[in-house]
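Just below is one structure, and these are the notes that go with it.
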2 protein chains.
Amino acid sequence: MCFIMRAPSDRQPAPETRDRILDAAEALFVEHGFEATTMRMITSRADANIAAVNYHFGSKDALIQEVFRRRLTELNRRRLAVLDRLEAEAQGAPLKPSRIVEAFFGTALEMAADTEHGGHTFMRLLGRTYTEPNGFVRQFLAEEYAEAVERFLAALYRALPDVPREEILWRFHFMMGAMSYAIAGTDALQLFAGTFDDADPERLLPRLMSFLLGGLRAPLPGQGVPGENGKGAHRTQ
Amino acid sequence: MCFIMRAPSDRQPAPETRDRILDAAEALFVEHGFEATTMRMITSRADANIAAVNYHFGSKDALIQEVFRRRLTELNRRRLAVLDRLEAEAQGAPLKPSRIVEAFFGTALEMAADTEHGGHTFMRLLGRTYTEPNGFVRQFLAEEYAEAVERFLAALYRALPDVPREEILWRFHFMMGAMSYAIAGTDALQLFAGTFDDADPERLLPRLMSFLLGGLRAPLPGQGVPGENGKGAHRTQ
DNA sequence: GTATGATTCAAACAACTGTTTGATTCATGT
DNA sequence: ACATGAATCAAACAGTTGTTTGAATCATAC
């Protein structure tokens, strides 16, 4: 009943049980999802007592939040740092859209490429969680993302003054989807026969970036031309 | 122990309890996910007895499979019908990539636009399920998709003979991600302040199609030009 | 040493999970 | 009228869930 205080003194080493639990939970959430991961699975993998989670975090829900908080804070901090630098370098001029997209999604892919410190594991979890029905997880994610999304959208609005903001919003949404699947889905849906054997993040970055920028720069709907797409261009049966 | 036989005779009307359960389960799975949806929630919403699910389907897992099977079979049947028609019209010539993409993703969006017969509900569920950790659901989805994916990939390979197949595969993957989020995520992640208030599928189709085709046609990575993207173009901090 | 408080532990808690039982109801064909 | 078997039902099943308890252990400060 005292899960607020922590670490007897403020020194570095840290009791480590807390962190072992977080790491175990993170990995298990990727493998089985939130609901299917039980407290006993977590504490067992973390070599801790079943009561340790409630002692250190208060509840399973609070543990889930903390798993996301520790990584997401860092991810969005990095994103905003890159954006800050770009804007400083531009000295007030609008940024190139490609730079903005690279700052937002490239930073995420970099984290996903880090297999040493658990970044890869977490990004797979994050990709899955965007579509998580669980209410409080969604709300927490939205809060944690609010500032970064606002800043990056504002940058895109400035970079593309002629494009309706609603369209930019949609395309940002589409890009989020493509990236999430690129990370979370490579081993998830083995739809595509035996491929993705490498899942090499080194080559994923340029591939995804080409696709995202192509989508972002595509002609706006209703402007004709490409494949006559749009209203009624395709019929079913 | 007799969940194999069904419908006393083969006449149309159908006992309806079975379908009420499927509809209730479908809706609840969207709201809460598989694990968090209990048998009692399902039978309660369907106005059926708790034992009805095991009687009609055998188990909860078998119910989940049936929820997907009845819709997915129809969706991929339609997709293949459109592809068949296009290929017949082309008389052996390769199809335009835009046509292929429209056939695959447009058909899905059409189903998502159908709010009357539960298509909308199901497509939201489907989008979420691509990233579902649950093993047997993933395997079932892969089997159900196998034929359609194979046919459409083959069509894309023919349509884009100069593009490495691996690249086409990746972009197909990215497109799947963008579409899934477009459908499943509009009300899921309310990251983007108060927008998506409409989620109007009418206008979603041309928007998504522009984005997808833009991504599909983007210059291949490593071919320089766009925003100098690719290796090392972005740095963190 | 003793005292203090954070941490760990085995055990138990009530609530809920998917599933099964055996009787009962219902519709149908003879 | 009866018989047959599908469908429904209330009740119970054994197992698991997240959480709590109170004592035991540990490190630190005096």
Side-chain angles (χ1 to χ4, degrees), chain A residues 1-26 28-29 31-67 133-137, chain B residues 1-26 28-29 31-67 133-137:
Chain A
M1 55 183 64
C2 49
F3 43 86
I4 291 168
M5 70 288 191
R6 173 176 19 136
S9 68
D10 281 1
R11 278 180 287 103
Q12 272 289 44
E16 82 177 48
T17 296
R18 210 185 114 96
D19 292 315
R20 284 207 318 275
I21 291 176
L22 285 173
D23 291 338
E26 191 173 72
L28 286 166
F29 288 158
E31 287 178 45
H32 308 101
F34 300 125
E35 312 273 356
T37 300
T38 71
M39 306 284 262
R40 285 163 182 83
M41 290 163 68
I42 297 170
T43 51
S44 166
R45 180 180 289 210
D47 267 317
N49 187 274
I50 166 75
V53 169
N54 288 278
Y55 175 77
H56 285 282
F57 302 95
S59 69
K60 185 183 180 181
D61 280 2
L63 168 64
I64 295 174
Q65 277 195 234
E66 183 59 21
V67 165
N134 189 324
F136 93 92
V137 176
Chain B
M1 54 185 64
C2 50
F3 44 86
I4 292 169
M5 71 289 191
R6 178 184 4 147
S9 67
D10 280 2
R11 276 179 288 102
Q12 271 290 45
E16 84 177 48
T17 297
R18 210 185 114 95
D19 292 315
R20 285 207 318 276
I21 291 177
L22 284 172
D23 292 338
E26 191 174 70
L28 285 165
F29 288 157
E31 285 178 46
H32 307 102
F34 300 126
E35 311 272 357
T37 300
T38 72
M39 305 284 262
R40 285 164 182 83
M41 288 164 70
I42 296 170
T43 51
S44 166
R45 179 180 291 210
D47 267 318
N49 187 274
I50 166 75
V53 170
N54 289 280
Y55 175 78
H56 284 283
F57 301 95
S59 69
K60 184 183 181 182
D61 281 1
L63 168 64
I64 295 176
Q65 277 196 234
E66 183 58 22
V67 165
N134 189 323
F136 93 92
V137 176

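The figures here come from the full heavy-atom set of this structure, side chains too, leaving out hydrogens, waters and symmetry mates. Labels below follow one simple rule: chain letters A, B, ... track the order of the sequence lines, proteins then strands, and each chain is numbered from 1.
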Query raised in the report: Would B:Asn54 and B:Leu63 satisfy side-chain contact (heavy atoms from CB on, under 4.5 Å), going step by step from the backbone distance to the final call?
Result: CA-CA 9 Å; B:Asn54 289 280; B:Leu63 168 64; over 6 Å; no

Report summary line: Nearest heavy-atom approach of B:Asn49 to B:Thr43 is O-CG2, 3.3 Å

Report summary line: Nucleotide by nucleotide, nucleotides 10-20 of chain C touches protein heavy atoms under 4.0 Å in the pattern (B base, S sugar-phosphate only, - none) BBB----BBBB

Query raised in the report: Should B:His56 be listed as having a side-chain N or O under 4.0 Å from OP1 or OP2 of D:dA6?
Result: no

Query raised in the report: To the nearest Å, how far apart are B:Asp47 CG and D:dA7 P?
Result: 18 Å

Report task. Examine C:dT7: is either OP1 or OP2 under 4.0 Å from a nitrogen or oxygen in the side chain of A:Thr17? Give yes or no. Result -> no

Query raised in the report: Hey, what bend do you get for the helix from C:dG1-D:dC30 to C:dT30-D:dA1 if you fit axes on five pairs at each end, rounded to 10°?
Result: 0°

**Report entry** Nearest heavy atoms of B:Ala36 and A:Glu35, plus distance in Å
**Finding:** CB-OE2, 3.6 Å

Query raised in the report: What's the spacing between B:Arg40 CZ and B:Ile50 CD1 if we round to 0.5 Å?
Result: 4.5 Å

Query raised in the report: Of B:Asp61, B:Leu28, B:Ile64, which meets side-chain contact (heavy atoms from CB on, under 4.5 Å) against B:Phe34?
Result: B:Ile64

Requested in this report: Evaluate the side-chain proximity of B:Glu66 to B:His56: yes if any heavy-atom separation is below 4.5 Å, no if none is.
Outcome: no

Report task. Decide yes or no for A:Val53 and A:Lys60: does some side-chain heavy atom of the first lie under 4.5 Å from some side-chain heavy atom of the second? Result -> no

Query raised in the report: A:Arg20 and A:Ala46: which non-hydrogen atoms are nearest, and at how many Å?
Result: NE-O, 2.7 Å

